[in-house]
Colleague: 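Let me begin by handing over the structure; questions about it come next.
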Amino acid sequence: MAEQPAAPFQQRLLAWWDLSGRKDLPWQHTRTPYRVWVSEIMLQQTQVATVISYFERWMKSFPDISSLAKASLDDVLAHWAGLGYYARARNLHKAAASCMERHEKKLPLSAEELTELPGIGLSTANAIVSQSTDQPRAVLDGNVRRVLARHAGVEGWTGQSAVQKRLWAEAEKRLPDSRGADYTQAIMDLGAMLCTRSNPGCGHCPVNADCQAWLTDRVRELPSPKPATRVSDKKVNMLILTNGRGKVLLERRPPTGVWGGLWCLPEGDSIETIEASLGISATDVTALPPIEHRLSHLRMTIHPMLATACDAMQVRCSGQRDWYDKRQQQTLGLPKPVAELMKRLNSGEFK
DNA sequence: AACACGGGGTT
DNA sequence: AACCCAGTGTT
């Protein structure tokens, strides 16, 4: 049998965090509810290193809920462009408006009220509450799921509902009586720094004395991998249509679905289809080399076509379709591959 | 319960 | 190429 650990899980974890935890992340400096909220949303399914520059830029433009609520959706999406999962940005914008109207211009600080705001589930709500008020609350993100699956020896894919339920219970069990903010950070740091997916530092782990995976040599097997999901293929034609005066035609995508609300190049089954949908004809049509773009659930093959509009004036423009200056498109939310095409167009690569 | 939803990093 | 990342919302 293993020896009894010297102290409870929470105490060992916090002692380790005091010495080795992360304490200088941008959202830890001035830990306001708003900054914690934005950071938590940006960090959903997104690594810390990727988020930092986006967070800094966001806070310069939208320093508080009021400025976010007042901003246009286009401005908000432009700040999110490249980060992915754009519903997060649309939901932040919508939730900010809701806070202005119904929560006295502030973020509510109960899990019940927070989870009613779009984009905030239970884990994010509890992360916001614990880090804003220092009350202990359980969180269950990717790091914590891995830590708990190993420490408690929980079998099965962590996305399965029975496994989720068990992990929530294990998370609750380990909560400290105080230091809620530090504890939330600590258990996430343990997952990010020591209890990593591969090559974890079990020898240095503060809670290895009673870690079921470590004691039974199952660290490599836990947590169980996610069942493979099939990735579908999708072929897309995109038209880079210039008006002869340095502008490119863009269309706003519908509010739901892939790249919802972002601005994209006109798409269609063929050049003729796209011409017809725009009500114009194009000259100098040149097929460019295809671009592979991977999303979580599909592999897109983009076939870009470069062309000039014969009758640019006849394109019916609106809030959903307009000519944009190639050099000013950083003020617009463009999907990654579209931004890449615009960059190449500006560099003269397509001349 | 299964799937949609991005883009990037690691192994 | 597979797998994962400070998950949530929809069906």
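Heavy atoms only: backbone and side chains are in, while hydrogens, waters and symmetry mates are out. All chains are named by letter (A, B, ...) in the order of the sequence lines, taking the proteins before the strands, and each is independently numbered beginning at 1.
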Colleague: Please tell me which of Pro337(A) and Gln160(A) maps to the more 5' nucleotide of DNA chain B, matching each residue to the nucleotide holding its nearest heavy atom.
Modeller: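 Nearer the 5' end of the strand: Gln160(A).
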Colleague: With the side chain of Tyr85(A) defined as its heavy atoms from C-beta on, choose the nearest nucleotide among dC3(B), dC5(B), dG7(B).
Modeller: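 Taking heavy atoms from C-beta onward, the closest nucleotide is dC5(B).
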Colleague: Between residues 25-45 of chain A and DNA chain C, which residues have a heavy-atom gap below 4.0 Å?
Modeller: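 Under 4.0 Å from DNA chain C: Leu25(A), Trp27(A), Glu40(A), Leu43(A), Gln44(A), Gln45(A).
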Colleague: Which part of the nucleic acid does Thr46(A) contact within heavy-atom distance under 4.0 Å: base, sugar-phosphate only, or nothing?
Modeller: base
Colleague: Please tell me whether His151(A) and Arg174(A) have a donor and an acceptor in their side chains that are separated by less than 3.5 angstrom.
Modeller: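 The answer is yes; a qualifying pair exists.
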Colleague: Do the side-chain N and O atoms of Asp64(A) and Ser67(A) include a donor-acceptor pair separated by under 3.5 angstrom?
Modeller: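 Their side chains do contain a donor-acceptor pair, which is all the 3.5 Å distance test asks for.
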Colleague: When the distance from CH2 of Trp80(A) to C1' of dG8(B) is rounded to whole Å, what number comes out?
Modeller: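 These atoms are roughly 15 Å apart.
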Colleague: Check every strand shown and say whether Gln185(A) touches a base, only sugar-phosphate, or nothing at a heavy-atom separation below 4.0 Å.
Modeller: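 Here Gln185(A) touches the bases of the nucleic acid.
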Colleague: Distance alone, cut at 3.5 Å: any donor-acceptor contact between the side chains of Trp263(A) and Asp74(A)?
Modeller: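 Trp263(A) vs Asp74(A): donor-acceptor pair found between side chains.
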Colleague: Please list, by residue number, the residues of residues 291-299 of chain A whose heavy atoms come closer than 4.0 Å to an atom of DNA chain C; answer none if no residue qualifies.
Modeller: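 When residues 291-299 of chain A is checked for heavy atoms under 4.0 Å from DNA chain C, there are no hits whatsoever.
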Colleague: Angle between ring planes, His293(A) versus Trp259(A), binned at 30° and 60°: parallel, tilted or perpendicular?
Modeller: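 It falls in the tilted class, 30° to 60°.
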Colleague: Identify, residue by residue, the members of residues 251-260 of chain A with a heavy atom below 4.0 Å from DNA chain C, and return them in order of residue number, or none.
Modeller: none
Colleague: Please state how far atom NZ in Lys234(A) lies from atom C1' in dG6(B), giving the value in whole angstrom units.
Modeller: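 Going from Lys234(A) (NZ) to dG6(B) (C1'), I get 15 Å.
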Colleague: How many Å lie between CG on Asn91(A) and C1' on dG6(B), as a whole number?
Modeller: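 Spelled out: CG on Asn91(A) to C1' on dG6(B) is 15 Å.
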Colleague: Give the first and the last nucleotide of DNA chain C, reading 5' to 3', that has any atom under 4.0 Å from a heavy atom of chain A.
Modeller: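 Contact boundaries, 5' end first: dC3(C) to dG9(C).
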Colleague: Go through Asp189(A) and Leu194(A) one step at a time and tell me if the side chain to side chain contact (heavy atoms under 4.5 Å, CB included) criterion holds.
Modeller: CA-CA 8 Å; Asp189(A) 282 0; Leu194(A) 272 187; over 6 Å; no
Colleague: Quickly work out the Asn199(A) CG to dT10(B) P distance and round it to whole Å.
Modeller: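 Checked: the CG to P distance equals 13 Å.
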Colleague: Linking Ile, Leu, Val, Met, Phe, Trp and Tyr by side-chain heavy atoms under 4.5 Å, what else ends up with Met313(A)?
Modeller: none
Colleague: What are the two closest heavy atoms between Arg35(A) and Thr30(A), and how far apart are they?
Modeller: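 Scanning both residues completely, I find the closest heavy atoms to be NE-O, 2.8 Å.
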Colleague: List the atom of Ala186(A), the atom of Trp16(A), and the distance in Å for their closest heavy-atom pair.
Modeller: O-CZ3, 3.8 Å
Colleague: Whole angstroms only, please: what is the CD-C1' distance between Gln47(A) and dG7(B)?
Modeller: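 After rounding, the gap between these two atoms is 10 Å.
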Colleague: Hydrogens and angles aside, do His79(A) and Ser61(A) bring a side-chain donor and acceptor to less than 3.5 Å of each other?
Modeller: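 The criterion, which ignores hydrogens and geometry beyond distance, is satisfied for Ser61(A) and His79(A).
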Colleague: Go through residues 135-147 of chain A and report each residue with a non-hydrogen atom lying under 4.0 Å from DNA chain C, sorted by number.
Modeller: Asp141(A), Gly142(A), Asn143(A), Arg146(A)
